[in-house]
Number of protein chains: 2
Amino acid sequence: MPDSALIETVRDFNRFYTNFLGVLNRAYLDTPFTLTDARVLFEIGSRNGVSASVLTRDLQLDAAYLSRILKRFRGEGLIETASDPDDMRSQIISVTDKGRDQFQELGRRSNVQIAERFDTLAAGAPQSIVTAMTTIRALLEPNAAPPAAILRPHRAGDMGWIVQSQAKAYTEEYGWDMRFEGLVADVAGKFLTNFNPAMEYCWIAERAGVNIGSVLIANGGDGIAKLRLLYVDKAARGLGLGKTLVDECIRFAKARQYRQLSLWTNDILHAARGIYVKAGFRLVSEERHCMFGREENGQTWVLDL
Amino acid sequence: MPDSALIETVRDFNRFYTNFLGVLNRAYLDTPFTLTDARVLFEIGSRNGVSASVLTRDLQLDAAYLSRILKRFRGEGLIETASDPDDMRSQIISVTDKGRDQFQELGRRSNVQIAERFDTLAAGAPQSIVTAMTTIRALLEPNAAPPAAILRPHRAGDMGWIVQSQAKAYTEEYGWDMRFEGLVADVAGKFLTNFNPAMEYCWIAERAGVNIGSVLIANGGDGIAKLRLLYVDKAARGLGLGKTLVDECIRFAKARQYRQLSLWTNDILHAARGIYVKAGFRLVSEERHCMFGREENGQTWVLDL
DNA sequence: CAATTTTATTTGACTCAGTCAACTAATTGC
DNA sequence: GCAATTAGTTGACTGAGTCAAATAAAATTG
């Protein structure tokens, strides 16, 4: 549950941006088109044939209202419609040359309007605004074009991200206290301070510029590799990402000729344990503990390589 | 003149956000109020007396239309108006208790709506979105006053944020390597693992739901308090926040009857050192080192309490 | 396979958000 | 002192958008 300060900031921004858009959208008063007219024409012009019911759905418009807009556009020669041979109820709408000229003219006016508004801003401000807009768009609409997750090596700040994300997630999901965050920070700190790139590695899973998972291998000595800080963000679970991260660890451990891969987990982390079992790990010890405020069952698993 | 790719991105974002706001604003259909009603009531409720002409200007509304809204609100007992003694044409509008209850209810519904929408997002996404929104707002409206920063105690994830932010900032600003992040993680981990709330504390500076600074006090034994991990985000510098954080540390250390406050810094951190000097710290030792990849001059400062 | 339900689209009737013009009262500026 | 402007209100009106009912076509059900 996002905290109230965050929610208040979103609402404040929404009020601000409603006014901002209101000023921009009033420009349509200089044309015979309403904002809705423009949205419809633009959507038709951006697609290669589209049905009215699809427009109704995507633009959240009343079907009767859309019908009237389309009738008017047909009358003005901006669009043409043809019956859909696959569904005689339906019509396929496309834009005419005249219509394309019109929405391109609307586009030019909109471009000029934004250019004028942005010319008044400080140097560099437009680029920063666009970067921020892209961030908001990508985060609010992650499924729009779900880019593939990639695995990459860690870089500055990622250990902090691991600490923050796991602390928040496990405090919320299991009620663990700050000592858990302390332990994760300690593990992360030691990993970085003593990092040996020949035998150790950290993978970060990232999607659309946002971190969504992690795992690291540390050298435990005596030919034993330690798999640590496996984590998949709630929003990215169920996609096999955890398995991918563990598989990558096993591959790395074998390539570096470790003789064994070892890990400590808590049995309450069911999804993770399922991955370990399927990967061939065996349980070698377990003990009850209260390290994080709740009584848990810690377990050590190993995989012979 | 901003380039066409930038303009196109702005327009694309505006189309997206128009739809996003359209979905949010439709929530008002569950109340007898229109979106404009809500905007008016909210604006009146957020100010300590306001005139109709000011509302007309700030909300970009037709004066006749606003007049009707206000008449209806008066009829429903949501607002009350009084003549302005300085201008008998003008009226000062204020919200009644009933009106305040009403817009607080609208606010609650809006909060729930946004909370539900944001709960579906990836961990960290709400924070990133809010940061981006704050950036857009500040750049499009440079004359608006930034919201006040607050200091609060740490909670789950904050140590991770400290590690991440300082690692990114100092890698970028000074080229320090991962061992710096390792050290910060180690300090943070030990602080949490051994946390003693009677003698230790961590302050997080937050603005509009976004973390912007930190500092912590750890018990170094022998009556010595250690000031650690002082940090102010680049976007919040120059406002005296660092001094505020240090002052809070000194106050806490004195209240807990430590005999001395000690800290280790690097002289390249000029702003921080300036704060320490002004606070009365004295330099007791310094040594060249290469702990983070670059040759730096580490310094230990102390303040007798 | 026929009957029923659902979907796509259109048209009629209607609501009401918002605009424009004209008005009164008060203030400002020359 | 008077003309111009501002603050606010009311009357009349436009048109964006909604709701219901209609026809035609497709999908579903028994």
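Every chain is numbered from 1 and lettered A, B, ... according to where its sequence line falls, protein lines coming before strand lines. The basis for the numbers below is simple: all heavy atoms, side chains too, and nothing from hydrogens, waters or symmetry mates.
- Summarising the geometry, the separation between CG on Leu59(A) and P on dA16(D) is reported as 16 Å, rounded to the nearest angstrom.
- Side chain of Gln91(B), nearest nucleotide from dT9(C), dA17(C), dT9(D): dT9(D).
- Rounded to whole Å, atom P of dT19(C) lies 10 Å from atom CD1 of Ile69(B).
- The shortest distance between the side-chain N/O atoms of Ser90(A) and the OP1/OP2 oxygens of dT9(C) is below 4.0 Å.
- Screening residues 93-112 of chain B for ring pair (Phe, Tyr, Trp, His ring centres under 6.0 Å) gives Phe42(B)-Phe103(B) as the qualifying pairs, with residues at least two apart or on separate chains.
- Taking atom CG of Leu66(B) as the reference point, atom C1' of dA17(C) lies 13 Å away to the nearest angstrom.
- Using a 4.5 Å heavy-atom threshold, the side chains of Leu55(B) and Leu61(B) count as separate.
- At least one donor-acceptor pair under 3.5 Å links the side chain of Arg237(B) to the backbone N or O of Val232(B).
- Separating the CG atom of Leu55(B) from the C1' atom of dT9(D) is a distance of 16 Å, rounded to the nearest angstrom.
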Please evaluate residues Arg72(A) and Asp37(A) with respect to the criterion side-chain contact (heavy atoms from CB on, under 4.5 Å), reporting the C-alpha separation (whole Å), side-chain torsions for both, the decisive distance (0.1 Å), and the verdict. CA-CA 10 Å; Arg72(A) 179 157 46 83; Asp37(A) 288 350; 3.0 Å; yes
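- Shown are Thr81(A), Leu78(A), Ile79(A); of these, the side-chain contact (heavy atoms from CB on, under 4.5 Å) with Leu70(A) is made only by Ile79(A).
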Walk along nucleotides 21-30 of chain C from 5' to 3' and tag each nucleotide B, S or - by protein heavy-atom contact under 4.0 Å, base first, then sugar-phosphate. B---BBS---
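- Contact annotation for Thr36(B): backbone-only contact, meaning every heavy-atom pair under 4.0 Å involves sugar-phosphate atoms and none involves a base.
- Inter-residue side-chain proximity for Leu140(A) and Arg117(B) is flagged as met; some heavy-atom pair is nearer than 4.5 Å.
- For the pair Lys71(B) and dG8(D), the criterion of a side-chain N or O lying under 4.0 Å from OP1 or OP2 is not met.
- Within 4.0 Å of Arg74(A), counting heavy atoms only, lie sugar-phosphate atoms of the nucleic acid but no base atom.
- Between Arg72(A) atom CZ and dT10(C) atom C1' there is a gap of 16 Å when expressed in whole angstrom units.
- A straight line from CG of Leu61(B) to C1' of dA7(D) spans 15 Å, rounded to a whole angstrom.
- Using a 4.0 Å heavy-atom criterion, one finds that Ala52(A) contacts the sugar-phosphate atoms exclusively.
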Look for any protein N or O under 3.5 Å of an N or O in nucleotides 1-4 of chain D and output each such pair with its distance, or none.
none

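- Separating the CZ atom of Arg57(A) from the P atom of dT9(C) is a distance of 12 Å, rounded to the nearest angstrom.
- For Ser53(A), a side-chain nitrogen or oxygen approaches OP1 or OP2 of dT9(C) to under 4.0 Å.
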Show your reasoning for whether salt bridge (Lys or Arg N to Asp or Glu O under 4.0 Å) applies to Arg109(B) and Glu105(B). CA-CA 6 Å; Arg109(B) 292 184 189 208; Glu105(B) 173 57 21; 2.9 Å; yes
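- Under the 3.5 Å distance criterion, the side-chain polar atoms of Thr134(B) are matched with a main-chain donor or acceptor of Val130(B).
- A donor-acceptor distance shorter than 3.5 angstrom exists from the side chain of Arg39(B) to the backbone of Leu59(B), with no hydrogens or angles considered.
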